[in-house]
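Every number for a ligand or one of its atoms is a count from 1 in the order of the listing. Reckoned from all heavy atoms, side chains included, excluding hydrogens, waters and symmetry mates. Residues: numbered from 1 along the sequence shown.
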Amino acid sequence: MSKIKFYFIFLIAAVVLISSCNKDDNNVPVTPPKPYAEQYPIDIATIESYLKANYITVVNNPGAVNDQDITIAALDADHPTSIWDQTVYPLKSRNVNLHGIVYKLYYLILREGTGESPCNVDGVFTAYRGEYLASETASGVTTITSKLFQEVKSPNTIFELYGTIRGWKEVFPQLKSGTSTPNADGTVSYNDFGAAVMFIPSGLGYYSKEQVGIPAYSPLVFNVKLYALKRLDQEINIINGVPVTDPDGVKSFQEDRDGDGYMWTKSELQDGVTTNPDDTDGDGTPDFLDFDDDGDNYATKGEIKDANGNYYLFENIPDCSGNTADPNRLKRYLDKDCIKMNQ
Ligand SMILES: [Ca+2]
Ligand SMILES: [Ca+2]
Ligand SMILES: [Ca+2]
Ligand SMILES: [Ca+2]
C-alpha cells in the first residue's frame, strides 16, 4: 500500500476519534478550547510565581526507592531561598515555538544520570510523581498550590515517549538512564539515574482535555527518575486495512538524522520549521515512522539485508557501492538512486 493511502487512513481515524470525543448526547453546544495565546500568559505567570514562592529539598539516598524524591514547600525563615534563586540544581528552560507562541518550559536537573539518553520517541522506564498547579485566592491574596494526581514509585511499564505529552518529549532526552542491581528479595535497586522536575505549561500538557484528577488548563509539575530506557522501532503499516506495527529493522534513535535527540511528526514541528531534518525523502513522514525512508518504493527492511537475507548490523549497512568503511557514507536505504535488494 502506498504511503499516501496510509496517511489518509490515519487522518480519517483521527478525525472520527476527535469528533466522537466531542459528541454530546444532550446536544449542548461544546465550548471550543480557549485560544492558546490567552492561556499561556496565565500558565507561565503561575509557574514562575510557584518557582519564586517555594523551596525544594531533594532526598539523596542511593539505591533506595526514595532516592531523588523531592519536597516543594513555601518559603519560610528557615528556608529563604526559592527554587528560582537556588543554584544547587540548575534551573534550565527550553523554548518551544508552537501554537503561534513561544512556550518556556522550565525544568530542574536534580542529577543528570550516567547511562544513555533516550531520544524523544524511545521507551522510558520511569518512577514519577505528577502534580498540577492551582491558583487559590483567599482574602485578596492569591497563592499557587500543587495538587498530587499520580505517583508511581515502583514502575512496571515502559512509556513510549512518542505517545506522551509534549513536556515529557522535550525534557526526557536531557536525562541519562542509570544502573540496575537485582536484590535477593526479587526487587531491583536503581542507582545513578537521571532525575528532573518539569514545570509544564498546559499547552505542552493536556491543555483543554480534562484528565482523571487533573482539571482542564492545568500547568503540570512532574518529578521524574529515568531508571532505564528501551530503544524502539516504530513503523506502522496498513495490512488488509488494519494498522499493524511493522518495524523496518532500524531502531528509531538511529533514524534521528541530525542527531539532536529529537524527531517530530509534521504537526509537531516548531512553528516556522518547514523542512523536517529527520524526513529523508521529504514526504511528511519522518524516518522513524516511514517504512520506505528514501522514497524509492523499496521498503527499508529489504534494503538493509545482505545477499543471504540476513540483516546487516546497523553500523555495517553499506552504501550503494558496497562501501562499509566510510563513517560518512550514505547508507543505501537512504539513497533513492540506489535500488539494490538483498544483493
Ligand atoms: Ca525504524
Ligand atoms: Ca532530530
Ligand atoms: Ca519520509
Ligand atoms: Ca527505500
Of the N, O or S atoms in [X], the one nearest the Ca ion (ligand 3):
| X | result |
| --- | --- |
| Asp281 | OD1 |
| Asp279 | OD1 |
| Asp283 | OD1 |
| Asp290 | OD2 |

When rounded to the nearest 0.5 angstrom, what is the spacing between [atom1] in [X] and [atom2] in [Y]?
| X | Y | atom1 | atom2 | answer |
| --- | --- | --- | --- | --- |
| Tyr298 | Cys338 | OH | SG | 11.0 Å |
| Asp292 | Asn297 | CG | CG | 6.0 Å |
| Lys176 | Asp192 | NZ | CG | 12.0 Å |

Exercise. To the nearest 10°, how many degrees is the angle Asp256 OD1 to the Ca ion (ligand 2) to Asp260 OD1?
Worked result: 90°
May I ask you to check whether [Y] and [X] place their ring centres under 6.0 Å from each other?
| X | Y | answer |
| --- | --- | --- |
| Tyr207 | Tyr217 | yes |
| Tyr227 | Tyr190 | yes |
| Tyr55 | Trp84 | no |
| Phe222 | Phe149 | yes |

Exercise. Between the Ca ion (ligand 2) and Tyr262, is there an N, O or S atom separated by less than 3.0 Å?
Worked result: yes
Problem set entry | Minimum-distance N/O/S atom that Asp258 presents toward the Ca ion (ligand 2) | OD1
Exercise. Can you name the N/O/S atom of Asp278 that is nearest the Ca ion (ligand 2)?
Worked result: OD2
For this session: Report, as a single number, the protein N, O or S atoms less than 3.0 Å from the Ca ion (ligand 1).
Result: 6
Exercise. So, is Thr285 placed with an N/O/S atom under 3.0 Å from the Ca ion (ligand 3), counting both backbone and side chain?
Worked result: yes
Problem set entry | For the student: nearest non-hydrogen atoms of Asp43 and Pro201, plus distance | OD2-C, 3.8 Å
For this session: Can you sort out the partners of Phe253 under ring-ring contact (aromatic ring centres under 6.0 Å, His included), two or more places apart, ordered by chain and number?
Result: none
Problem set entry | Common cluster, Val59/Tyr128, ILVMFWY with side-chain heavy-atom separation under 4.5 Å | no
